[in-house]
J.: 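Let me begin by handing over the structure; questions about it come next.
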Amino acid sequence: MKIVFMGTPDFAVPSLEAILEAGHEVCGVFTQPDKPKNRGMKLLPPPVKRAAMDHGLPVFQPEQLRDGSALEQLRTLGPELIVVAAYGRILPEEILHLPPKGCINVHSSLLPRYRGAAPINWAVINGDRETGVTIMEVARELDAGDILAQVSTPIDPDETVESVHDRLARMGGKLLVQTLEEIERGNVRHIAQNPAQVTYAPMLSRALSPIDWNKSAVEIHNQIRGLVPWPATSTDIFSREPVKIYAAAPTETATKQQPGTVLSAGKDGIDVACGDGRVLRILELQAPGGRRMAAADYLRGHPITL
RNA sequence: CGCGGGGUAGAGCAGUUGGCAGCUCGUCGGGCUCAUAACCCGGAGGUCGGAGGUUCAAAUCCUCCCCCCGCAA
């Protein structure tokens, strides 16, 4: 099938490569413009652009989708179908109607749960035991189109959003290819999203970082593993400046100490009392200006007096 | 030139009124102990990120470069 692919971050790359591997003709790749990022504000091409160029595909990076020129480029490319995967732009209606076989999207949640920008993170933060990927039609309303295919995966209570992300990205590519086959055969089923089950996964921000030690050990652990590596979770109970927490583990230990009290600090980690009377063990953290390190390493230069 | 923090022993950090290179952990040797990740004694381990400059004297002051981290999502 002749396809235009639209995507931007790492999550979209396996989908693009799966399409290519399945033998489809990708006649153009749309991705966000290179943006000044990182230290020094160096211009950085998005991951999908790098992947597209590695495969020698024509790349388009319009600043605007609604000024007509993007539509003109798409007409020239003449795709049968547009595949969107975390492109980061809302497609105008005229583009949605351009390809004869429509526009489909790879979304990293079990829709209708977690519509929006950060579905994987929120599934982990909320302690969900399951998530998945959905292939759906692109509709006018964000992430609201009919579901074409869906597959789920368990979330291990200890794994981080990074590992779930990578797994879902791979699964998304696979499911996408299967769905493309069904579309070609014309036997794809459309299932409308149940409005009663809709939830949203808003964009992450640094405001989510500070730990409220009055929460339970498991809740805090979910926050930590759901927000790595950005914006990460932080606390100021160890020093004046907040440190970022990158890894922790809830323990079976019970305590009557005030939430936020450091109970012990040694080579196995830093034990902190939580709101439910359980203890969370901090395993990996980062002081301001420093790099991520194991708790034991941190303690050598930042001793904690109990 | 986007803003800021940092680079000192294997690890993590102190140390800038310029004046012998420090701490904790680790490591090696010895001791104590029924025993130990505990404790005691001793030792090894550094081109202080790199290059230049100022100075009698630079980790410390000046210039340039390299690398790491945070902000900016």
Side-chain angles (χ1 to χ4, degrees), chain A residues 6-13 30-50 61-65 84-90 107-108 114-125 142-143 160-162 164-166 169 200-211 223-224 226-249 251 253 262-271 281-306:
Chain A
M6 298 183 171
T8 301
D10 287 316
F11 179 81
V13 173
F30 280 62
T31 191
Q32 298 258 11
D34 296 7
K35 280 185 186 158
K37 277 195 181 295
N38 294 332
R39 243 160 273 130
M41 298 293 271
K42 290 184 286 277
L43 226 51
L44 207 68
V48 162
K49 179 182 184 179
R50 289 202 300 273
Q61 298 177 280
E63 292 283 353
Q64 277 287 334
L65 289 180
V84 185
Y87 180 38
R89 293 270 165 109
I90 306 283
H107 185 80
S108 52
Y114 299 120
R115 292 182 184 174
I120 314 174
N121 298 277
W122 284 104
V124 174
I125 293 166
L142 180 70
D143 295 332
T160 68
V161 66
E162 291 176 291
V164 182
H165 169 281
D166 292 351
Y200 292 95
M203 196 156 52
L204 303 179
S205 85
R206 230 152 40 96
L208 300 169
S209 292
I211 291 177
Q223 178 187 359
I224 291 168
L227 292 178
V228 289
W230 189 90
T233 309
S234 66
T235 184
D236 57 3
I237 62 171
F238 301 139
S239 68
R240 195 167 209 84
E241 293 294 308
V243 300
K244 291 186 173 184
I245 311 295
Y246 285 97
T251 69
T253 316
V262 178
L263 303 174
S264 69
K267 70 180 174 67
D268 294 328
I270 305 168
D271 288 353
R281 174 164 290 179
I282 307 298
L283 300 174
E284 188 183 4
L285 38 65
Q286 178 177 34
R291 59 184 64 202
R292 289 168 70 156
M293 63 187 76
D297 290 335
Y298 173 84
L299 289 171
R300 277 185 216 111
H302 307 83
I304 293 176
T305 48
L306 301 178

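Every value quoted in this text rests on a predicted model; they were computed, and no experiment measured them. Letters A, B, ... are given to chains in the order of the sequence lines, protein chains preceding strands, and every chain is numbered from 1.
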J.: I need the single residue from A:P46, A:P62, A:P47 that forms a side chain to side chain contact (heavy atoms under 4.5 Å, CB included) with A:T31. Which is it?
T.: A:P46
J.: Could you identify the nucleotide paired to B:A58, looking across every strand shown and requiring Watson-Crick or G-U wobble geometry with both distances under 3.5 Å?
T.: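 Base-paired to nothing in any strand shown.
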J.: Any chance you could measure A:L285, atom CG, to A:K244, atom NZ, to the nearest 0.5 Å?
T.: 12.5 Å
J.: At what distance, to the nearest 0.5 angstrom, does OH of A:Y246 lie from OG1 of A:T160?
T.: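 Rounded to the nearest 0.5 Å, the OH-OG1 separation comes out at 12.5 Å.
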J.: Check the distance between B:G12's C1' and A:K267's NZ and give it to me in whole angstrom.
T.: 16 Å
J.: Please state the P separation for the pair B:G5 and B:A59 - nearest whole angstrom.
T.: 23 Å
J.: Quick one: closest heavy-atom pair of A:S205 and A:W230, and the distance?
T.: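 Where A:S205 meets A:W230 most closely, the heavy atoms are CA-CH2, 4.1 Å.
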J.: Ignoring hydrogens, what is the shortest heavy-atom contact between A:G226 and A:N121? Give both atom names and the distance.
T.: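 For A:G226 versus A:N121, the nearest heavy atoms are O-OD1, 2.9 Å.
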J.: Roughly how many Å is it from CD in A:E284 to P in B:A11, rounded to a whole number?
T.: 17 Å
J.: Roughly how many Å is it from CE in A:M293 to P in B:U24, rounded to a whole number?
T.: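 About 19 Å, once rounded to whole Å.
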J.: How long is the straight-line distance from CD of A:Q286 back to CE of A:M293, given to the nearest 0.5 Å?
T.: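 The distance works out to 7.5 Å.
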J.: On a whole-Å scale, what distance lies between the C1' atoms belonging to B:G12 and B:C3?
T.: 28 Å
J.: Spell out protein contact along nucleotides 66-73 of chain B as letters: B when the base is contacted, S when just the sugar-phosphate is, - when no protein heavy atom is under 4.0 Å; keep the 5' to 3' order.
T.: --SBBBBB
J.: Once the angle between the rings of A:F238 and A:Y298 is folded into 0 to 90°, is it parallel (under 30°), tilted (30 to 60°) or perpendicular (over 60°)?
T.: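 Judged by the thresholds at 30° and 60°, the geometry between A:F238 and A:Y298 is tilted.
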J.: Just name whichever nucleotide pairs with B:C64, Watson-Crick or G-U, keeping both distances under 3.5 Å, else none.
T.: B:G50
J.: In whole Å, what separates the P atom of B:A57 from that of B:G46?
T.: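 Here B:A57 and B:G46 have their P atoms 26 Å from each other.
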J.: With rounding to whole Å, what would you report as the distance between B:C13 and B:C62 at their C1' atoms?
T.: 27 Å
J.: Can you list, by residue number, the residues of residues 294-301 of chain A that have a non-hydrogen atom closer than 4.0 angstrom to RNA chain B?
T.: A:D297, A:Y298, A:R300, A:G301
J.: Roughly how many Å apart are B:U27 and B:G18, using the C1' atom of each and rounding to a whole number?
T.: 34 Å
J.: Among A:Q61, A:E63, A:K49, A:R89, find the residue that satisfies the side chain to side chain donor-acceptor pair (under 3.5 Å) test when tested with A:Q32.
T.: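 The residue from A:Q61, A:E63, A:K49, A:R89 that satisfies side chain to side chain donor-acceptor pair (under 3.5 Å) with A:Q32 turns out to be A:R89.
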J.: Could you tell me the separation between the CD1 atom of A:I304 and the C1' atom of B:G12, rounded to a whole number of Å?
T.: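 One finds 13 Å between C1' of B:G12 and CD1 of A:I304, rounded.
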J.: Taking the P atom in each of B:A9 and B:G15, what is the distance between them to the nearest angstrom?
T.: 15 Å
J.: How many angstroms lie between NE2 in A:H107 and CD1 in A:I120, if you round to the nearest 0.5 Å?
T.: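 Spacing of NE2 (A:H107) from CD1 (A:I120) equals 8.5 Å.
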J.: Looking only at atom C1', what distance separates B:G22 and B:A38, rounded to whole Å?
T.: 25 Å
J.: Find the partner of B:C25: check Watson-Crick (N1-N3 plus N6-O4 or O6-N4) and G-U wobble (N1-O2, O6-N3) distances, both under 3.5 Å, and reply none if neither fits.
T.: B:G10
J.: Roughly how far, to the nearest 0.5 Å, is CD1 of A:I237 from CD1 of A:I304?
T.: 7.5 Å
J.: Could you measure between the two P atoms, the one in B:C48 and the one in B:U60, and give it in whole Å?
T.: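 Nearest-Å result for B:C48 against B:U60 at atom P: 9 Å.
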J.: Going by purine N1 to pyrimidine N3 plus the second Watson-Crick contact, or the G-U wobble pair, all under 3.5 Å, which nucleotide sits opposite B:G4?
T.: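 Across all strands, the one nucleotide that pairs with B:G4 is B:C69.
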J.: For B:C39, what is the paired nucleotide under Watson-Crick or G-U wobble rules, both distances under 3.5 Å?
T.: B:G31
